[in-house]
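Taking it in order: structure first as structure tokens, then the write-up.
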Amino acid sequence: MVTAAQIRAARALLGWSQHMLADKAIVSVNAVNRLERELVDTKMSTLSAVEKALLRAGIEFISPASEKGEGVRFARADR
């Protein structure tokens, strides 16, 4: 699963506000805010919806287990 830091980084890479991500993921802005700030144990359905919205937008998540650590990037080089 993606981390709060990856979600914030993906939003920044796309130039999206929390409101825009919430609209794309069909979740509340408060849910995105809480998710990014790691304030509460987020529902898996919310996390999954946010992750899918970012994947559809062309984001690739780099696993924390990878050699260089966690991160995000565009899935295609031509972005």
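These numbers were taken from a predicted model, which means no experiment stands behind them.
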- If two hydrophobic side chains count as joined below 4.5 Å and joins carry through other members, does Val29 share a cluster with Val27? no
- Message: When you group the ILVMFWY residues by side-chain heavy-atom contacts below 4.5 Å and let the links chain together, are Ile59 and Leu55 in the same group?
- Response: yes
Report, one line per pair, each donor and acceptor closer than 3.5 Å where one atom sits in a side chain of residues 4-17; sequence neighbours left out.
| unit_1 | atom_1 | unit_2 | atom_2 | d |
| --- | --- | --- | --- | --- |
| Gln6 | OE1 | Thr3 | N | 2.9 |
| Gln6 | OE1 | Thr3 | OG1 | 3.4 |
| Gln6 | NE2 | Ile62 | O | 2.8 |
| Gln6 | NE2 | Gly71 | O | 3.0 |
| Arg8 | NH1 | Glu36 | O | 2.5 |
| Arg11 | NE | Glu36 | OE2 | 2.5 |
| Arg11 | NH1 | Trp16 | O | 2.8 |
| Arg11 | NH2 | Glu36 | OE1 | 3.0 |
| Ser17 | OG | His19 | N | 3.3 |
| Ser17 | OG | Met20 | N | 3.0 |

- To the nearest 0.5 angstrom, please state how far the CG atom of Asn30 sits from the CG atom of Leu39. 10.5 Å
- Item | Sub-4.5 Å side-chain heavy-atom contact between Leu21 and Leu54 | yes
- Task: Answer yes or no: is there a side-chain heavy-atom contact under 4.5 Å between Glu51 and Phe61?
- Result: yes
- Got a sec, which residues hit side chain to side chain contact (heavy atoms under 4.5 Å, CB included) with Ile26, two or more places apart in sequence or on another chain? none
- Within 6.0 Å of CE in Met44, more than 12 heavy atoms from elsewhere: no
- Item | Non-neighbouring partners of Arg73 that pass salt bridge (charged side-chain N to carboxylate O under 4.0 Å, His left out), sequence neighbours left out | Glu60
- Task: Not counting sequence neighbours, which residues clear salt bridge (charged side-chain N to carboxylate O under 4.0 Å, His left out) with Glu38? List them please.
- Result: none
- Task: Identify, with sequence neighbours excluded, every residue that meets side-chain hydrogen bond (donor to acceptor under 3.5 Å, both in side chains) alongside Arg37.
- Result: Asn33
- Contacts of Ser48 meeting side-chain hydrogen bond (donor to acceptor under 3.5 Å, both in side chains) (sequence neighbours excluded), chain-then-number -> none
